[in-house]
Trainee: 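One structure, pasted below without further comment.
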Amino acid sequence: MGQGSRVNCLRGEEFQCAARAFNRSSFDPYLKLDVVFVDGDGVAEGAVDEGGPTREFCTLLIHQIQNYLIFEGPEGNKTLALNSVALQKGQYRLVGKMIALCLVQGQVSPRFFSQRLYRQVCNLSPLPATLEEVTDYNLRTKLQKIADATHVEGAREAMEEATDELSLMGSFSFVRSLPHRDELLGAALNFLTEGRISTAVNQFKEGLETFGILALLRIHHEELKGVFMDTPEPLLASRLESTFMTSYLSEPGSNRRRKEARTLVYWRDWLIEVEDGDTSLTLGAVLAFATGLKRIPAVGFPIGPRLEFLHEEDGPALFPTANTCSLVLRLPVYPEYSRFKEAMEEGITSCGSTFGVA
């Protein structure tokens, strides 16, 4: 595989590693990504990138992207912030490209766009701006005082206190009436949420043109809303059950095949218990253990996740194992449900937030 698709990555520094790769003249985001993780001792991890390292990298990268300096707002509801240095350096474009790559090559959905940001990239008409969208506390306090004024004199006094800020926005004027106050306040809010970041939005959209994502957004903005916005649908046991295909490895009619069928029943019963909250785990944690993702990608997995079985006679089979590259979850075979449940919960919990095992 050519170096034009290589990303050398140290965990915890995914954004910096991605930025270096993207800024190389030879880097081509359209080539199959080749992610190589390097551990704390400087040793490259040996997994062949059949999808697992790419998904892990993209998952971690998206998490860092939404907290990057070009965004502001609460978790899962981000808007673009104006950063003149980042704009000059083309960082908005770079981040747009990264998001497109994570979506297409890693099957990792951003799902942190606010409704305003989503409408901006889709070229939809803007929503009326609200004071809650003003992230600067001092400015929001001044604007709130203007909005709360119950008479013209109070509005004029509040406007005077915000003279410098309103003048920069072109919204300072002598208040003639409360409706006029509302008009001026609306213009200020629209400038803060739309006008002043228009150049940054356009640069961000240039990055999203990678893989044709921007064109798809403009055509299918309703269908793709759940890919870019946090519209969480609960992960159900039935969905997880249908996501994993079953690989029966033993001969039909054999004792091993019978044990595998029993284990499959145990697996389905256990998923229901996890969904019901009867364990310390969540279905998202189970999915992450097996695939590296806490949600089923909006665009689906590149290959179908599947179940395999660990028999005691074949070697150590105390706990479940997973391969996030080939999307295989191996279930330990136990005669009693209680032992199966204990093994699943202890095995997955012991891995914490790390990805996969074997």
Side-chain angles (χ1 to χ4, degrees), residues 1-24 27-38 44-45 47-68 71 76 78 93-113 121 204 207-214 216-217 224 226-230 232 235 243-244 284-285 287-306 322-329 353-356:
M1 185 175 295
Q3 299 300 302
S5 63
R6 168 68 66 85
V7 178
N8 296 302
C9 185
L10 180 65
R11 285 183 177 83
E13 299 182 9
E14 288 78 15
F15 185 88
Q16 299 96 312
C17 295
R20 285 195 301 272
F22 271 78
N23 287 327
R24 288 199 309 264
F27 185 81
D28 185 352
Y30 293 92
L31 294 177
K32 185 178 183 295
L33 204 59
D34 177 24
V35 176
V36 176
F37 281 101
V38 178
E45 299 178 12
V48 176
D49 194 347
E50 296 175 349
T54 293
R55 281 190 297 277
E56 178 181 355
F57 169 74
C58 290
T59 298
L60 297 171
L61 178 58
I62 284 292
H63 180 75
Q64 291 192 354
I65 282 175
Q66 70 170 319
N67 295 309
Y68 190 53
F71 294 106
K78 299 289 187 178
R93 184 184 303 107
L94 174 66
V95 170
K97 289 181 178 180
M98 289 182 181
I99 291 174
L101 181 138
C102 288
L103 181 60
V104 174
Q105 295 223 35
Q107 287 81 50
V108 177
S109 304
R111 285 197 174 104
F112 63 78
F113 284 31
V121 298
F204 183 59
L208 288 174
E209 290 176 354
T210 308
F211 294 107
I213 298 298
L214 186 63
L216 288 173
L217 278 168
L224 293 173
V227 177
F228 290 85
M229 294 178 60
D230 188 16
L235 183 59
T243 296
F244 286 85
L287 185 64
F289 175 83
T291 68
L293 300 177
K294 293 184 178 180
R295 292 180 176 179
I296 297 173
V299 293
F301 289 104
I303 57 175
R306 68 183 191 275
N323 188 313
T324 59
C325 293
S326 54
L327 301 183
V328 175
L329 173 61
S353 60
T354 59
F355 289 79

Trainee: Minimum heavy-atom separation for Leu31 to Ser5, with atom names?
Mentor: CB-CB, 3.8 Å

Trainee: Listed by chain and number, what are the side-chain hydrogen bond (donor to acceptor under 3.5 Å, both in side chains) partners of Tyr68, not counting sequence neighbours?
Mentor: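 Checked Tyr68 against side-chain hydrogen bond (donor to acceptor under 3.5 Å, both in side chains); matches are Gln91.
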
Trainee: Between Leu103 and Ser109, is any pair of side-chain heavy atoms under 4.5 Å apart?
Mentor: yes

Trainee: Hey, does Cys102 have a side-chain heavy atom less than 4.5 Å from the side chain of Pro110?
Mentor: no

Trainee: Would you please test Lys97 and Arg93 for side chain to side chain contact (heavy atoms under 4.5 Å, CB included) and show each step?
Mentor: CA-CA 6 Å; Lys97 289 181 178 180; Arg93 184 184 303 107; 4.2 Å; yes

Trainee: Show the nearest heavy-atom pair for residues Phe289 and Ala322, with the distance to one decimal.
Mentor: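 Shortest heavy-atom separation between Phe289 and Ala322 comes out as O-CB, 3.3 Å.
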
Trainee: I'd like to know if Glu56 and Arg11 make a salt bridge, using a cut-off of under 4.0 Å between side-chain N and carboxylate O.
Mentor: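 The answer is yes: the pair qualifies as a salt bridge.
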
Trainee: Test Val121 against Phe113 for side chain to side chain contact (heavy atoms under 4.5 Å, CB included), laying out the working first.
Mentor: CA-CA 10 Å; Val121 298; Phe113 284 31; 4.3 Å; yes

Trainee: In chain order, what residues pass the side-chain hydrogen bond (donor to acceptor under 3.5 Å, both in side chains) check against Gln16, with sequence neighbours excluded?
Mentor: none

Trainee: In terms of ring plane angle, is the pair Phe22 and Phe27 parallel, tilted or perpendicular, where the classes change at 30° and 60°?
Mentor: tilted

Trainee: Indicate the ring-plane relationship of Tyr30 and Phe211, choosing parallel, tilted or perpendicular according to the 30° and 60° boundaries.
Mentor: tilted

Trainee: Between Glu14 and Phe57 (side chain of the first, backbone of the second, donor and acceptor by atom type, cut-off under 3.5 Å), is there such a pair?
Mentor: no

Trainee: Rounded to the nearest 0.5 Å, what separates atom CD in Gln66 from atom CD1 in Ile99?
Mentor: 9.5 Å

Trainee: Indicate the atoms forming the closest heavy-atom contact of Leu327 with Arg55, along with that distance.
Mentor: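 That closest heavy-atom pairing would be CD2-NH2, 2.8 Å.
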
Trainee: Looking at Asp28 and Arg6, is any side-chain nitrogen of the basic one under 4.0 Å from a carboxylate oxygen of the acidic one?
Mentor: no

Trainee: Which value, rounded to the nearest 0.5 Å, describes the distance between Lys32 atom NZ and Gln105 atom CD?
Mentor: 7.5 Å

Trainee: Going from CG on Leu293 to OG1 on Thr59, what distance comes out if it is rounded to the nearest 0.5 angstrom?
Mentor: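 Reported value, rounded in 0.5 Å steps: 4.5 Å.
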
Trainee: What are the two closest non-hydrogen atoms of Cys17 and Val7, and how far apart are they?
Mentor: O-CG1, 4.3 Å

Trainee: Which distance, rounded to the nearest 0.5 Å, do you find between the CG of Leu61 and the CE of Met98?
Mentor: 6.0 Å

Trainee: Please report the shortest heavy-atom distance between Thr210 and Pro29, naming the atom on each side.
Mentor: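 Nearest heavy atoms, Thr210 then Pro29: CG2-CG, 4.4 Å.
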
Trainee: Please report the interatomic distance CG(Leu33) to OG1(Thr54), rounded to the nearest 0.5 Å.
Mentor: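 It is 4.5 Å, given to the nearest 0.5 Å.
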
Trainee: How would you list, by chain and number, every residue that makes a salt bridge (Lys or Arg N to Asp or Glu O under 4.0 Å) with Arg306, sequence neighbours excluded?
Mentor: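 Applying salt bridge (Lys or Arg N to Asp or Glu O under 4.0 Å) to Arg306 gives Glu308.
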
Trainee: Quick check: Phe228 with Phe112 (ring centres under 6.0 Å apart)?
Mentor: no

Trainee: What heavy-atom pair brings Leu101 and Cys58 nearest, and what distance separates the two atoms?
Mentor: CD2-SG, 4.3 Å

Trainee: Would you compute the distance between atom OG1 of Thr243 and atom CG of Leu329 and round it to the nearest 0.5 angstrom?
Mentor: 12.0 Å

Trainee: Verify side chain to side chain contact (heavy atoms under 4.5 Å, CB included) between Phe244 and Leu287, making sure each step is shown before the conclusion.
Mentor: CA-CA 10 Å; Phe244 286 85; Leu287 185 64; 4.1 Å; yes

